[in-house]
> 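One structure is given below, represented as structure tokens, and several questions about it will come after.
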Amino acid sequence: MSSSPEQQVARAVQAAVAELGVPDVGVRLERPKDPAHGDWASNIALTLASRLRRPPREIAAELAERLGALDGVAAIEVAGPGFLNFRLDAAAAGSALRRILAQDAGYGRSDQGQGRRIMVEFVSANPTGPLHLGHGRQAALGDAIANLLEWTGWIVHREFYFNDAGRQMDRLAASVRARCLQALGVDEPVPEDGYHGEYVAEIARALLEEVRQAPAAETHSDAASVPPLDAMRRFAVARLRKEQEMDLEAFKVRFDQFYSETSLYDEGRVEATVRALNDTDLTYRQDGALWLRTTSFGDQKDRVMLKSDGSPTYFLPDVAYHLSKWERGFRHVVNVQGADHHSTVDRVRAGLQALGRPSGYPEYVLHQMVTVERGGQEVRFSKRAGSYATLADLVAETGAGVARYFFLMRRPEAHLTFDLDMALDPSDKNPVYKVQYAHARLCRLLALDREQDWGPAAPAGRPSEHARAELSRLTHPLERELAGQLAEFPGFVTRAATSRAPHLVCGYLEKTAGLVNSWYQAGHPSRRPDLAALVRDEPVRTARLALVQAARIVLRNGLTVLGVPAPSRMHRDADAPPAGGGSA
RNA sequence: GCGCCCGUAGCUCAGCUGGAUAGAGCAUCGGCCUUCUAAGCCGAGGGUCCCAGGUUCGAGUCCUGGCGGGCGUGCCA
């Protein structure tokens, strides 16, 4: 792959800096916010000022002089306090487009991960109820982070861990039992610490129905014949897990593996973890319980591993679970969790460190809570779920694509207000549609070009034609700016991947879509027909269609990384939901 | 009390290793259809970047101390 003009300039600056006697400074170019400052800029002179004890402008001037004439660079300017601004010539500015066209669906991918394996664990909901909005944010985040890692050269494993053991399962079973009895006319309240949602009653009804249809002996339905608690627990867990998987399916999220907490016990992993921890000198008995000295590793207080009744706290299977990740060969693990779990971070890591695993293992992305607003008021969705809003309700209302995008728009550590009015707005006010519509609009231009008879001298625009386009024909400032923006896409993907920040891609896409719309609109036939993409002038048209094609590729690739569909058409009917919602 | 996260325009939020005049969307106001789909575009107004110190050529960004909000701080998960 030939290097981009940006990379060539960066290398040249690096060399010039080395000539000044500073060989060990990395030079990275940035794109100036103000197009008047050129295509690329370097602040290297500013950063070297104190080290060289010289005024930054003087350093910049000397660098500019040493750089002399660079291939593809039309002008080098010293500006402001000491910036070096580089203005590419039209051909170089267009050359980025050629790379986009050549790489197509691969544009934005890189090999930073070098084929290393990484696990992303996310959602990991307990099988005690439907998935709620917090899980939705996690599902969108985890899947997008996983995609970003794949795009940057990692082999990614998506895993869902579920706690199907422990006290909560007893509470679930007891709740189902109470609902069964209620269905049979017995006045039996759901336990105070049980699950009160309507869905538990649904489970109870389904369970009774199954019992009734079973060929077994005791088919008469009365209070004495409800199934044993253990059967209720198994039935409820299976059903809830199935339901969660359907919710995830509707949300277009897939996992490579669902890992059961119970399996940790069945395989003796919890027991083995206790023994291993006991072999260290970091455990002690107090008040009849077995403690781990997690404070040795920065935890705020020591934690109980085994309660005084001999049963483990959730902490122990958590450590056992993460040991299994390590044993399965995952040296890189990202756990996506709600911030309400942040207290587990220190203790799980402490447990792992006690057994010799590295201190930063695993990595955590903790996201803040989600609230939904409509008309400026917080809304609660589901009566069915009891106290919280379900993901399924939200997805049914907005579609998977919109919901995913809205969950990804904000940085994970910021509270997320899900604005339903905006999510349901079919216009470009809705950021998802803004991006999707820009994409569809570009697709439409390409289609129109294929349909149009431009005359014998002008073959219809095909990808091969785009590749041969004279990109120096892209001279309009809006075209230059859009082309420059498209060149930035791979950088955003790598930055979003390494900082586990899909929202950066959202921001990038909205900016790009805005530039697309501006350019498109500037060339609207009612305004400046000479700026339209589909002009008669064949070389100009081919160049503009190359830009169209490149922008289309970038928008599509960006949406794809986020797990949001990139439709080539949007529906115009006021009644029908927009095509891009991905709710199908 | 202690720990983590947050505090930027009326609202929801971006702001890359500290850099040029602090940005976007929504909302408000004013323009633009002879449709490459106006579900759009152009423009305007709107800011003590929570406060106070510090670090330096330069701080929304880093450090310290406050203030305000969220979450956590179980032999619950």
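Residue numbering restarts at 1 for every chain, and letters A, B, ... go by the order of the sequence lines. What you are looking at is a predicted structure, and each value in this text was computed from that prediction instead of being measured.
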> May I ask you to verify whether the side chain of A/Thr313 and the base of B/C75 hold a donor-acceptor pair under 3.5 Å?
no
> Check every strand shown and say whether A/His524 touches a base, only sugar-phosphate, or nothing at a heavy-atom separation below 4.0 Å.
base
> Suppose you measure atom P in B/G30 against the same atom in B/G15; what distance do you get, rounded to whole Å?
34 Å
> What nucleotide among B/C71, B/C75, B/C13 has an atom nearest to a side-chain atom of A/Asp340?
B/C71
> Start at the 5' end of RNA chain B and walk down; is the nucleotide closest to A/Arg527 or to A/Ser308 reached first?
A/Arg527
> For B/G68, give the paired nucleotide (Watson-Crick: N1-N3 plus N6-O4 or O6-N4; G-U: N1-O2 and O6-N3; both under 3.5 Å), or none.
B/C6
> Within the structure shown, what part of the strands sits under 4.0 Å from A/Arg167 by heavy-atom distance: base, sugar-phosphate, or nothing?
sugar-phosphate
> Classify the ring geometry between A/Tyr284 and A/Trp291 as parallel (under 30°), tilted (30 to 60°) or perpendicular (over 60°).
parallel
> Check whether any side-chain nitrogen or oxygen of A/Lys511 sits under 4.0 Å from OP1 or OP2 of B/A14, and answer yes or no.
no
> With a 3.5 Å limit on both atom pairs, tell me what B/C41 is paired to, counting Watson-Crick and G-U wobble, or say none.
B/G31
> May I ask you to verify if any side-chain N or O of A/Asn517 is less than 4.0 angstrom from the OP1 or OP2 atom of B/G40?
no
> Using the P atom on both, measure B/U17 against B/C29 and round to a whole Å.
39 Å
> Give the ring-plane orientation class for A/Phe258 versus A/Phe160, where under 30° counts as parallel, over 60° as perpendicular and anything between as tilted.
tilted
> What is the separation between atom OH on A/Tyr364 and atom C1' on B/C5, rounded to the nearest whole Å?
17 Å
> Any salt bridge (charged side-chain N to carboxylate O under 4.0 Å, His left out) involving residues 78-87 of chain A? Give me the pairs, sequence neighbours left out, ordered by first then second residue.
A/Glu77-A/Arg87
> Determine, for nucleotides 19-30 of chain B in 5'-to-3' order, which nucleotides have protein heavy atoms under 4.0 Å from the base (write B), from only the sugar-phosphate (write S), or from neither (write -).
BBB---SSS---
> What distance, rounded to whole Å, do you find between the two C1' atoms, one in B/A52 and one in B/G7?
16 Å
> Of the candidate nucleotides B/U73, B/G15, B/U17, which contains the atom at the shortest distance from the side chain of A/Arg28?
B/U17
> Expressed in whole Å, how much space separates the P atoms belonging to B/G31 and B/C50?
37 Å
> Does A/Arg495 make a cation-pi contact with A/Phe492, if we ask for NZ or CZ under 6.0 Å from the ring centre and within 45° of the axis?
yes
> Between the side chains of A/Arg544 and A/Glu479, is the shortest nitrogen-to-carboxylate-oxygen separation below 4.0 Å, so that they form an ion pair?
yes
> Identify which one of A/Glu481, A/Glu6, A/Glu488 satisfies the salt bridge (Lys or Arg N to Asp or Glu O under 4.0 Å) criterion when paired with A/Arg31.
A/Glu488
> Is there a donor and acceptor pair, one atom on the side chain of A/His342 and one on the base of B/G3, closer than 3.5 Å?
yes
> What's the CZ-P distance between A/Phe492 and B/G15, to the nearest Å?
10 Å
> What heavy-atom pair brings A/Asp299 and A/Asp346 nearest, and what distance separates the two atoms?
OD1-CB, 3.7 Å
> Using atom C1' of each nucleotide, how far apart are B/G74 and B/G54 to the nearest Å?
41 Å
> A/Arg528 CZ to B/U35 P: how many Å, rounded?
18 Å
> Is B/C6 in the syn or the anti form, by the rule that syn lies within 90° of 0?
anti
> Relative to the 5' end of RNA chain B, which residue comes earlier, A/Glu261 or A/Ala414, by the nucleotide with the nearest heavy atom?
A/Ala414
> Can you find a side chain N or O atom of A/Arg411 that sits less than 4.0 Å from OP1 or OP2 on B/G15?
yes
> Any chance the side chains of A/Gln244 and A/Arg241 put a donor and an acceptor closer than 3.5 Å?
no
> Look through every strand shown and name the nucleotide pairing with B/U21 as Watson-Crick or G-U wobble, where both distances are under 3.5 Å.
none
> Grab the NE2-C1' distance between A/His341 and B/G70 for me, whole Å please.
16 Å
> Judged by modelled atom types alone, do A/His322 and A/Asn335 share a side-chain donor-acceptor pair under 3.5 Å?
yes
> Once you apply a heavy-atom cut-off of 4.0 Å, does A/Gln286 come out as touching a base, just sugar-phosphate, or nothing?
base
> Hey, can you pull the donor-acceptor pairs under 3.5 Å for the side chains in residues 438-448 of chain A, sequence neighbours left out?
residue  : atom : partner  : partner atom : Å
A/His439 : ND1  : A/Pro567 : O            : 2.9
A/Arg441 : NH1  : A/Asn517 : OD1          : 2.4

> Roughly, in whole Å, what's the span from NZ in A/Lys307 to C1' in B/A77?
10 Å
> How is A/Asp287 classified with respect to the nucleic acid when contacts are heavy atoms under 4.0 Å: base, sugar-phosphate, or nothing?
base
> A/Arg347 has an atom CZ; how far is it from atom C1' of B/C76, in whole Å?
11 Å
> If I pick the P atom on B/C49 and the same atom on B/C41, what distance separates them, to the nearest angstrom?
30 Å
> Taking the same atom, C1', in B/C76 and in B/C67, what whole-Å distance lies between them?
34 Å
> Under 3.5 Å for both donor-acceptor distances, Watson-Crick or wobble: does B/G1 have a partner, and if so which one?
B/U73
> Can you measure A/Met409 atom CE to B/G15 atom P for me and round it to whole angstrom units?
13 Å
> A/Tyr520 near the nucleic acid: base, sugar-phosphate alone, or nothing, with a heavy-atom cut-off under 4.0 Å?
base
> What nucleic acid atoms does A/Gly82 come within less than 4.0 Å of, heavy atoms only: base, sugar-phosphate, or nothing?
nothing
> Output yes when at least one side-chain N/O atom of A/Ser343 is less than 4.0 Å from OP1 or OP2 of B/C71, else no.
no
> The side chain of A/His503 is closest to which nucleotide in this list: B/C6, B/G15, B/A38?
B/G15
> Using the C1' atom on both, measure B/U8 against B/A59 and round to a whole Å.
14 Å
> Nearest to the side chain of A/Ala289 - B/C13, B/C41, B/C75?
B/C75
> Tell me if the side-chain of A/Arg303 makes a donor-acceptor pair with the base of B/C75, cut-off 3.5 Å, by modelled atom types.
no
> Write down the distance between CD (A/Gln368) and P (B/G7), rounded to a whole number of angstrom.
11 Å
> Quick one about A/Asn126 and A/Gln168 (side-chain donor to acceptor, distance below 3.5 Å, no hydrogens or angles considered), yes or no?
yes
> Just to be sure I understand the rule, does A/Leu366 reach a base, reach only the sugar-phosphate, or reach nothing, if contact means heavy atoms closer than 4.0 Å?
nothing
